[in-house]
Visitor: 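Next up is a structure, given as structure tokens.
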Protein chains: 2
Amino acid sequence: MTDASKRRWVTSLEVAQLAGVSRSAVSRSFTPGASIAEETRWRVLEAAEQLGYRPNAIARSLNTRRSGLIGVVVADVGNPFYARLVEALAIEIQARGRAPLVFVAKEAGATDALLPELLSFQVDGVLVASATLSLRVTQLYTAARTPIVLLDRMADDGEDVSGDISADNVAGAAMVAELFATTGRRRPAFIAGLENTSTSRDRAAGFVAGLARHGLSLAGRDAGQYNYAGGQAAARRLLGARERPDAIFCANDEMALAVLDVARGEFGLSVPEGLSVAGFDNAAPGALAAYNLTTVDQGLERMASEAVGMLEGALDASHPPGRLRLPCRLVGRATTL
Amino acid sequence: MTDASKRRWVTSLEVAQLAGVSRSAVSRSFTPGASIAEETRWRVLEAAEQLGYRPNAIARSLNTRRSGLIGVVVADVGNPFYARLVEALAIEIQARGRAPLVFVAKEAGATDALLPELLSFQVDGVLVASATLSLRVTQLYTAARTPIVLLDRMADDGEDVSGDISADNVAGAAMVAELFATTGRRRPAFIAGLENTSTSRDRAAGFVAGLARHGLSLAGRDAGQYNYAGGQAAARRLLGARERPDAIFCANDEMALAVLDVARGEFGLSVPEGLSVAGFDNAAPGALAAYNLTTVDQGLERMASEAVGMLEGALDASHPPGRLRLPCRLVGRATTL
DNA sequence: GCTAACGTTGCACACGTATGCAAGAGGTGG
DNA sequence: CCACCTCTTGCATACGTGTGCAACGTTAGC
């Protein structure tokens with residue numbers, strides 16, 4: 001008993017002894033496709049069951065050089081879209097028999113410090129949802145032959161990553177422009193998120209391009225850092241201007257909710273008659289009865305699924321970098337005509 | 001080059017050769033408090049830096065029997081409170097130099113299947129935020145000497161866990177009862193979440209007890225499964241009854257938002273004059289201008305911090321099980337008088 | 001009945017690090 | 001100058017599993 005109390009784990013050796021075989025047989029019994037007689041495997045599995053044996057994933061990965069761990073790095077947790085993304089990724093990863101190692105960067109710049117640390121945990125690959133990522137870090141991963149896939153963000157030219165995947169932000173924003181134009185709006189404005197992110201840039205570009213197709217141009221432009229307070233401030237500036245816009249497209253839903261609150265509460269505007277408002281992300285609060293916000297859905301689950309799939313593709317084969325732009329879906333609700 | 005291209009990792013041996021020492025010296029250089037001359041450590045660290053060496057955490061944990069991994073298991077992801085909790089836990093875990101292995105159970109019952117799997121990853125301990133947990137699983141963990149800490153849920157008597165931690169739901173709910181009573185409400189109702197969870201039971205009990213202290217009793221009671229649709233249905237039943245309540249306390253914010261939407265949109269009630277509404281969790285949407293929901297804050301960050309601390313305490317020493325009830329804070333806003 | 005082929009098994013080593021132990025270096029006190 | 005102690009270092013082994021290789025038993029084919 002004194003001995004048993006110190007032991008935390010049943011090893012393959014004990015199972016082997018109980019089943020009357022060698023450790024190799026035990027190992028092979030748990031390795032799909034290994035050369036082992038069906039009857040032997042049964043005996044081993046029964047012995048394992050009896051002892052409560054589970055293969056030690058740590059020891060296994062030391063040999064196979066595959067940990068089964070996938071790093072998930074996310075910055076800007078304040079943004080609820082990223083929170084949902086992490087969940088979707090975690091579900092997708094564990095559905096494929098791997099385990100997600102989640103790292104959260106409190107500040108946007110902290111991502112760079114996290115990634116080398118993740119490497120020491122021997123992750124097989126990393127999914128990064130962060131607006132910023134230094135070149136030095138990607139080189140580190142290239143040297144370690146650990147694939148990186150970027151989410152909700154395009155890779156810059158110099159970045160040596162295994163792929164990037166994001167919604168087709170340009171097309172999604174263009175759909176909003178189309179909606180504004182065809183419902184008679186003549187003075188459309190845009191509120192950007194973080195100016196240096198590819199998502200915000202693409203949504204701006206798509207919106208402007210979509211407007212141009214209808215002979216319209218931007219009647220106002222501001223930025224709100226993707227959060228409520230920022231959206232609030234931007235809304236006050238835009239709506240307080242001499243020539244007030246009659247439609248505002250926000251780079252995400254949180255800012256759009258702020259616009260709605262400011263428009264109704266501080267400027268007494270009626271939506272959508274006096275002002276059309278649209279957001280991006282299809283976040284949960286926008287669906288609430290008091291807002292009923294028109295927005296663009298990015299297809300979060302599919303994005304997560306494709307991202308993990310792309311990473312797995314890069315795991316064994318030296319896949320060429322993949323780039324994927326997923327189609328968006330316009331969710332028309334009560335804040336637009 | 002052909003050789004270097006196959007090698008993914010710099011090992012301690014290579015660092016040792018470059019620094020002109022043995023592997024042991026390299027190992028000790030990276031072990032705080034190990035017996036190593038300061039000058040030797042410098043030489044080793046410099047060589048390591050030059051080669052880009054990082055200790056292999058997998059190999060290390062095989063020896064130390066400490067993986068540095070902490071399992072985080074969460075069920076019911078639909079509930080945004082759990083999503084925020086996972087994030088807070090992840091941040092807290094990595095702040096203490098460990099890494100969170102996040103597992104999400106799609107259904108409430110799936111937690112039981114996840115936990116044994118987590119064990120094979122050699123997690124040092126597990127944090128569980130799930131309403132249900134079978135006895136068999138806790139026994140498994142006890143056998144493996146892997147501590148479990150339960151979050152936002154009390155341990156039942158038979159459960160052999162290292163501790164549980166939750167908000168003082170009884171006291172928090174009593175504060176709402178107090179608020180309703182002192183603002184002249186005479187017909188208070190309650191909407192439970194999931195009936196078999198300790199959080200819902202405690203909030204009900206605290207609310208009823210608080211009312212009793214003011215000579216009041218429940219004028220209505222329903223359940224809404226902690227989600228919007230359930231809250232909607234419950235609100236319709238309660239508000240459609242012959243003797244309509246003049247105050248409703250919901251076991252979480254999401255149901256409270258549903259109550260507000262139904263009360264205003266379908267029954268034309270004015271809040272808080274015609275109906276007081278309060279929720280629980282202090283979720284983000286409740287703070288939006290269109291709702292401005294009175295609620296109870298659980299102190300999420302502190303809960304996460306205490307939980308990880310409790311788990312760490314149980315890691316080395318055979319700590320006695322800890323039980324912690326964190327104080328709640330009433331957040332009075334516009335949906336109550 | 002003999003040989004070749006095949007499926008199955010065990011041996012031995014590898015994965016990369018931590019650490020007890022003993023030996024060596026260096027210093028101090030008598 | 002010697003004995004003793006402290007600090008540092010390297011050697012060897014352990015952690016638990018995967019897998020190439022060779023040996024074994026069995027069967028099929030002729």
Side-chain angles (χ1 to χ4, degrees), chain A residues 3 6-45 47-48 51-69 119-124 144-145, chain B residues 3 6-45 47-48 51-69 119-124 144-145:
Chain A
D3 189 54
K6 292 178 67 176
R7 182 180 317 142
R8 295 167 48 114
W9 270 89
V10 184
T11 73
S12 62
L13 178 60
E14 301 171 59
V15 176
Q17 287 168 341
L18 180 60
V21 294
S22 73
R23 289 198 327 253
S24 313
V26 178
S27 171
R28 286 190 252 259
S29 296
F30 283 91
T31 307
S35 171
I36 183 99
E38 201 56 32
E39 193 240 325
T40 312
R41 155 171 277 152
W42 279 356
R43 222 171 50 233
V44 169
L45 291 184
L51 295 176
Y53 169 77
R54 296 188 63 84
N56 185 326
I58 294 280
R60 188 215 310 271
S61 53
L62 192 55
N63 233 324
T64 60
R65 313 174 94 102
R66 286 272 159 115
S67 64
L69 300 177
L119 216 41
S120 84
F121 278 101
Q122 307 295 110
V123 292
D124 292 340
R145 305 204 177 288
Chain B
D3 190 53
K6 292 178 70 175
R7 182 182 315 141
R8 296 169 47 116
W9 270 88
V10 183
T11 74
S12 63
L13 178 60
E14 301 171 59
V15 177
Q17 287 169 341
L18 180 60
V21 294
S22 73
R23 288 197 326 247
S24 314
V26 178
S27 172
R28 286 191 252 260
S29 295
F30 284 92
T31 307
S35 170
I36 183 100
E38 201 56 32
E39 194 241 325
T40 311
R41 156 171 276 152
W42 280 357
R43 220 169 54 232
V44 169
L45 291 185
L51 295 176
Y53 169 77
R54 296 189 64 85
N56 184 326
I58 294 280
R60 187 214 312 271
S61 54
L62 191 56
N63 234 321
T64 60
R65 313 176 95 106
R66 286 271 161 114
S67 64
L69 299 177
L119 214 41
S120 84
F121 278 100
Q122 308 295 109
V123 291
D124 292 340
R145 304 205 176 289

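Just so we're clear, the structure is a prediction, and the values are computed from it rather than from any experiment. Throughout, protein chains are lettered first and strands after them, A, B, ... in sequence-line order, and every chain is numbered starting at 1.
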Visitor: Working to the nearest 0.5 angstrom, can you tell me the gap between B/S120 OG and A/Y53 OH?
Guide: 10.0 Å
Visitor: Are any side-chain N or O atoms of A/S12 and backbone N or O atoms of A/V26, one a donor and one an acceptor, separated by less than 3.5 Å?
Guide: no
Visitor: Among residues at least two apart in sequence or on other chains, which ones pass side-chain hydrogen bond (donor to acceptor under 3.5 Å, both in side chains) with A/R41?
Guide: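 By the side-chain hydrogen bond (donor to acceptor under 3.5 Å, both in side chains) rule, A/R41 matches no residue at all.
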Visitor: Rounding to 10 degrees, work out the angle separating the end axes of the helix from C/dG1-D/dC30 to C/dG30-D/dC1 (five pairs an end).
Guide: 40°
Visitor: Tell me, which of residues 35-42 of chain B have any heavy atom that sits under 4.0 Å from an atom in DNA chain D?
Guide: B/S35, B/I36, B/A37, B/T40
Visitor: Where the side chain of A/T64 meets the backbone of A/R60, is there a donor-acceptor pair that is under 3.5 Å apart?
Guide: yes
Visitor: Taking side-chain hydrogen bond (donor to acceptor under 3.5 Å, both in side chains) as the definition, give me every residue that meets it alongside B/T40, ordered by chain and number, with sequence neighbours left out.
Guide: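 Per chain and number, B/T40 pairs via side-chain hydrogen bond (donor to acceptor under 3.5 Å, both in side chains) with no residue.
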Visitor: With the sugar-phosphate defined as primed atoms, P, OP1 and OP2, and the base as all remaining atoms, what B/S/- string results for nucleotides 18-25 of chain D, 5' to 3', for protein heavy atoms under 4.0 Å?
Guide: BBB-----
Visitor: With side chain to side chain contact (heavy atoms under 4.5 Å, CB included) as the criterion, how do B/Q122 and A/N56 come out once you've worked through the C-alpha distance, each side chain's angles and the decisive distance to 0.1 Å?
Guide: CA-CA 7 Å; B/Q122 308 295 109; A/N56 185 326; 3.2 Å; yes
Visitor: Between D/dA14 atom P and A/N56 atom CG, what is the distance in whole Å?
Guide: 18 Å
Visitor: Within this structure, what is the CG-to-P distance between B/L13 and D/dG10, rounded to whole angstrom?
Guide: 12 Å
Visitor: Contact boundaries of DNA chain C with chain A (under 4.0 Å, heavy atoms), 5' to 3'?
Guide: C/dT8 to C/dG16
Visitor: When you match B/L62 and B/V21 each to their closest nucleotide on DNA chain D, which lands nearer the 5' end?
Guide: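 Mapping each residue to its closest nucleotide by heavy atoms, the 5'-most match is B/V21.
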Visitor: May I have the distance from B/Q17 (atom CD) to D/dG10 (atom C1'), rounded to whole angstrom?
Guide: 14 Å
